Engineer: 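There's a structure below that I have some questions on.
Both ligands and their constituent atoms are indexed starting at 1 by order of listing. Predicted, not measured: the structure shown is a model, and the values here were computed from it.
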Amino acid sequence: MKDKYGRPIEDLRVTVTHVCNFSCFFCHMEGEGNDGGELTAEEISLVAKVGKEFGIKAVKLTGGEPTLRRDIVEIIRKLKDVGIEEVSMTTNGFLLDKIARKLKDAGLDRVNISLHSTSSQLFKEITAVNGFEKVVKGIEECNKVGLKPIKLNFVVTRKNISEVFKVIELAENLGVDEIHLIELHPVGLGKESFNYYVSLDEIKKTLKEKGKFLGTRNKHNRPRYQYGKVKVEVVKPYANPFFCAGCNRIRLTVDGKLKTCLYKEDRSVDIIDILRGNYTEEERISALRDAYRLAISIREPNFLFGVNKYEIKQVG
Ligand SMILES: Nc1nc2c(ncn2[C@@H]2O[C@H](COP(=O)(O)OP(=O)(O)OP(=O)(O)O)[C@@H](O)[C@H]2O)c(=O)[nH]1
Ligand code: SF4
Ligand code: SF4
């Protein structure tokens, strides 16, 4: 089912916890406000199962740090049981050296691992944790157990912009398949640290000149480049109507809301009472269907062509 801007929902992004063992200075917390407990594995998989009727094919588990959920394996297993084609996870990678195999065995299809620096010192400055070597071990473990493709997330700021091409080289050496170069955006702590913002335009130019432009991806119309053996995707959502035009995702917040946009707290449908109320299974599913219909009807791009007074740059 598409919204009134012709955008389907195909991807459910689930915040499984707000707890994290890192403290990145730009953490956007998925644009979510206060905590209200966490959904159970059963509740998450039910929302995903009903979402399938509306086009959901993939689920992205995020946080906080999803691997800190004790029942993360159960969450993954249940999502696969209800027939989600692709279950992936965005993680800081700190625990992957220990649990990558368990996650893979539960049915996790792939991981996006944050690595915002190529040196232990800068890594610590960004995340407040001395974890560079451990994350690298986690990446190696994912390779070993076949949790592939591995994507790295690198949020580009004034602190680490000089390392962009070093991290691409490191990714290649580690057998990483793809890397996301992500623009800092003013959400959560990103708002307070937005003075660290740097434009990705120069980087895109170099990628185009020294690498090969591969076209744009359906998701968010993100431009992709081949650079050596690694695919590099430029994630530039801020003030970018092209990005929002290709938005195929809906969010499930930690406290049980179907949230239609990262930026829009008010464009959410609260489903916690549906999930926890005294209903028969049939009534619950029927109410969840109504909630999806309502969410899709209020879904709109955050940045619209011709509406926001931002300079619009073509992708590629
Ligand atoms: N504004 C906005 N930014 C997003 C959205 N999805 C992802 N991002 C940004 O992209 C970053 C990387 O997201 P990931 O969760 O690693 O990856 P993904 O976007 O799901 O992409 P794949 O795993 O490649 O399918 C996030 O931390 C956000 O900064 C979105 O829907 N809207
Ligand atoms: S950005 Fe990710 S790893 Fe860093 S503090 Fe936030 S949730 Fe944790
Ligand atoms: S509409 Fe735009 S800003 Fe909102 S979630 Fe989608 S891509 Fe992100």
Engineer: Can you tell which part of Phe303 has a heavy atom less than 4.0 Å from ligand 3: side chain, backbone, both or neither?
Structural biologist: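 Neither part.
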Engineer: Are the side chain of Lys80 and the backbone N or O of Glu85 linked by a donor-acceptor pair below 3.5 Å?
Structural biologist: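 Yes; at least one donor-acceptor contact below 3.5 Å.
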Engineer: Would you call the rings of Phe243 and His220 parallel, tilted or perpendicular if under 30° counts as parallel and over 60° as perpendicular?
Structural biologist: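 Parallel: the ring planes of Phe243 and His220 meet at under 30°.
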Engineer: Using a heavy-atom cut-off of under 4.0 Å, does the side chain or the backbone of Lys264 touch ligand 3, or both, or neither?
Structural biologist: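 Lys264 to ligand 3: no contact under 4.0 Å from either part.
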Engineer: Only one of Lys259, Lys264, Arg267, Arg7 passes side chain to side chain contact (heavy atoms under 4.5 Å, CB included) with Arg299; say which it is.
Structural biologist: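 Testing each of Lys259, Lys264, Arg267, Arg7 against Arg299, the sole residue satisfying side chain to side chain contact (heavy atoms under 4.5 Å, CB included) is Arg7.
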Engineer: Got Tyr5 and Glu300 here, is their nearest side-chain heavy-atom distance under 4.5 Å?
Structural biologist: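 In short, these two side chains touch, coming nearer than 4.5 Å.
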Engineer: Just checking, any donor-acceptor pair under 3.5 angstrom between side chains of Ser88 and Lys60?
Structural biologist: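 Yes, Lys60 and Ser88 have a side-chain donor paired with an acceptor closer than 3.5 Å.
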Engineer: Output the list of atoms in ligand 1 that are nearer than 4.0 Å to some heavy atom of Phe243, sorted by atom number.
Structural biologist: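 Selected atoms, number and element: 2 (C), 3 (N), 32 (N).
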Engineer: If I take every N, O or S atom of Cys24, is at least one of them less than 2.8 Å from atom 4 (Fe) of ligand 2?
Structural biologist: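 Cys24 does place an N, O or S atom closer than 2.8 Å to atom 4 (Fe) of ligand 2.
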Engineer: Could you tell me, atom by atom, which parts of ligand 1 come under 4.0 Å of a heavy atom of Pro237?
Structural biologist: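 That gives atoms 1 (N), 2 (C), 3 (N) of ligand 1.
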Engineer: What is the distance from atom CD of Glu10 to atom CE of Met1, rounded to the nearest 0.5 Å?
Structural biologist: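 Going from the CD atom of Glu10 to the CE atom of Met1 covers 14.0 Å.
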Engineer: Below 4.0 Å, non-hydrogen atoms only: which portion of Arg251 touches ligand 1? Side chain, backbone, both or neither.
Structural biologist: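 Side chain only.
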Engineer: Would you find a donor on one side and an acceptor on the other, under 3.5 Å apart, between the side chain of Glu43 and the backbone of Thr40?
Structural biologist: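 Yes, the answer is positive, given that a donor and an acceptor are paired below the 3.5 Å cut-off.
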Engineer: Can you confirm, on distance only, whether ligand 1 has an N/O atom lying under 3.5 Å from any N/O atom belonging to Arg110?
Structural biologist: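 Arg110 vs ligand 1: N/O contact under 3.5 Å present.
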Engineer: Could you tell me whether Glu86 approaches ligand 1 through its side chain, its backbone, both or neither, with non-hydrogen atoms closer than 4.0 Å?
Structural biologist: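 No part of Glu86 is near ligand 1 at this cut-off.
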Engineer: Kindly say whether the aromatic ring centers of Phe165 and Tyr227 come within a distance under 6.0 Å.
Structural biologist: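 Ring centroids of Phe165 and Tyr227 are less than 6.0 Å from each other.
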Engineer: At a threshold of 2.8 Å, where the distance has to be below it, does atom 2 (Fe) of ligand 3 have an N, O or S atom of Cys244 nearby?
Structural biologist: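 Checking Cys244: at least one N, O or S atom is under 2.8 Å.
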Engineer: At less than 4.0 angstrom from any non-hydrogen atom of Ile182, what atoms of ligand 1 do you find?
Structural biologist: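 Listed by number with element: 11 (C), 12 (C), 29 (O).
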Engineer: Using the ring of Tyr279 (Phe, Tyr or Trp, six-membered ring only), decide whether Arg284 places NZ or CZ under 6.0 Å from its centre and within 45 degrees of its axis.
Structural biologist: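 No - Arg284 does not lie over the ring of Tyr279 by the 6.0 Å and 45° rule.
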Engineer: Quick one: sort the Tyr238 and Tyr263 rings into parallel, tilted or perpendicular, breaks at 30° and 60°.
Structural biologist: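 Taking Tyr263 first and then Tyr238, their aromatic rings sit tilted (interplane angle of 30° to 60°).
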Engineer: What's the separation between atom NZ in Lys144 and atom CD in Glu141, rounded to the nearest 0.5 Å?
Structural biologist: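 Lys144 NZ to Glu141 CD: 4.5 Å, rounded to 0.5 Å.
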Engineer: Say whether Glu163 and Ser117, considering side chains only, have a donor N or O and an acceptor N or O under 3.5 Å apart.
Structural biologist: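 Ser117 and Glu163 do have a side-chain donor-acceptor pair below 3.5 Å.
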Engineer: Only heavy atoms of Asn92, strictly under 4.0 Å: list the atoms of ligand 2 that pass.
Structural biologist: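 Matching atoms, with element in brackets: 3 (S).
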Engineer: Tell me which protein heavy atom sits closest to atom 17 (O) of ligand 1, plus the residue, atom name and distance to 0.1 Å.
Structural biologist: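 Answer for atom 17 (O) of ligand 1: Asn112 ND2, 3.0 Å.
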Engineer: Among all protein heavy atoms, pick the one closest to atom 6 (Fe) of ligand 3 and tell me residue, atom and distance.
Structural biologist: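 Here the closest protein heavy atom is Cys247 SG, 2.4 Å.
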Engineer: Return the closest protein heavy atom for atom 8 (Fe) of ligand 2 as residue, atom name and distance.
Structural biologist: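 Result: Cys20 SG, 2.3 Å.
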Engineer: Counting heavy atoms only, which of Arg217, His28, Arg222 is nearest atom 8 (N) of ligand 1?
Structural biologist: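 Nearest heavy atom to atom 8 (N) of ligand 1 lies in Arg222.
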Engineer: Of the backbone atoms (N, CA, C, O) and the side-chain heavy atoms from C-beta on, which set of Glu30 has a member under 4.0 Å from an atom of ligand 1: side chain, backbone, both, or neither?
Structural biologist: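 It is neither; nothing of Glu30 touches ligand 1.
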Engineer: Numbering the atoms of ligand 3 from 1, which are under 4.0 Å from a heavy atom of Tyr263?
Structural biologist: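 Those qualifying, in numeric order: 3 (S).
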Engineer: Looking at every non-hydrogen atom in both residues, tell me the closest pair between Leu108 and Val111 and how far apart they are.
Structural biologist: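 Minimum heavy-atom contact is CD2-CG1, 3.7 Å.
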Engineer: Looking at ligand 3, is there an atom of it that comes within less than 4.0 Å of some heavy atom belonging to Arg7?
Structural biologist: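 A heavy atom of Arg7 does come that close to ligand 3.
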Engineer: Any nitrogen or oxygen of Lys151 lying under 3.5 Å from a nitrogen or oxygen in ligand 1? Just yes or no.
Structural biologist: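 There is such a contact, yes.
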Engineer: Would you mind listing which atoms of ligand 1 come within a distance below 4.0 Å of any non-hydrogen atom of His220?
Structural biologist: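 Ligand 1 atoms under the 4.0 Å threshold to His220: 5 (C), 6 (N), 30 (C), 31 (O).
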Engineer: Show me which atoms of ligand 3 lie under 4.0 Å from any heavy atom of Pro301.
Structural biologist: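 Once the distances to Pro301 are compared, the set is 1 (S).
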Engineer: Nearest to atom 7 (S) of ligand 2, what protein heavy atom do you find, and at what distance?
Structural biologist: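 Atom 7 (S) of ligand 2 sits closest to the protein heavy atom Gly64 O, 3.5 Å.
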Engineer: For ligand 3, which atoms have a heavy atom of His220 less than 4.0 angstrom away?
Structural biologist: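 Counting atoms of ligand 3 from 1, those under 4.0 Å from His220 are 7 (S).
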Engineer: Looking only at protein heavy atoms, which one is nearest to atom 6 (N) of ligand 1, and what is the separation?
Structural biologist: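 It is Arg249 NH1, 2.4 Å.
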Engineer: Are the aromatic rings of Phe26 and His116 close, with centres under 6.0 Å apart?
Structural biologist: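 Phe26 vs His116: aromatic centres under 6.0 Å.
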Engineer: Out of all atoms in ligand 1, which are within 4.0 Å of some heavy atom of Leu262? Include the element for each.
Structural biologist: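 Listed by number with element: 1 (N), 2 (C), 3 (N).
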Engineer: Could you tell me which non-hydrogen atom of Ala171 sits nearest to which non-hydrogen atom of Leu152, and how far apart they are?
Structural biologist: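 Minimum heavy-atom contact is CB-CD1, 4.1 Å.
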Engineer: Any N or O on His185 sitting closer than 3.5 Å to an N or O of ligand 1?
Structural biologist: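 By distance alone, the answer is yes.
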Engineer: What residue and atom, counting heavy atoms only, is the protein's closest point to atom 4 (Fe) of ligand 3, and at what distance?
Structural biologist: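 That would be Cys261 SG, 2.3 Å.
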Engineer: Quick check: Phe94 with Phe22 (ring centres under 6.0 Å apart)?
Structural biologist: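 Centroid separation for Phe22 and Phe94: below 6.0 Å.
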Engineer: If the cut-off is 4.0 Å to any non-hydrogen atom of Asn153, which atoms of ligand 1 fall inside it?
Structural biologist: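 Per the distance check, 12 (C), 14 (P), 16 (O).
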Engineer: Taking 4.0 angstrom as the limit and counting only heavy atoms of Phe243, give me the atoms of ligand 3 inside it, by number and element.
Structural biologist: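 Ligand 3 atoms under the 4.0 Å threshold to Phe243: 7 (S).
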Engineer: Closest heavy-atom contact between Asn21 and Leu68?
Structural biologist: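 Nearest pair, atom of Asn21 first, then Leu68: N-CD1, 3.6 Å.
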Engineer: Taking only heavy atoms of Val235 into account, list the atoms of ligand 1 that are under 4.0 Å away from them.
Structural biologist: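 Checking each atom against Val235, I get 9 (C), 10 (O).
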Engineer: Can a donor-acceptor pair be found, under 3.5 Å and without considering hydrogens, that links the side chain of Gln226 to the backbone of Gly228?
Structural biologist: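 Such a contact is found between Gln226 side chain and Gly228 backbone.
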Engineer: Pick whichever of Asn302, Ile250, Leu262 has a heavy atom sitting closest to atom 1 (S) of ligand 3.
Structural biologist: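 Minimum heavy-atom distance to atom 1 (S) of ligand 3 goes to Asn302.
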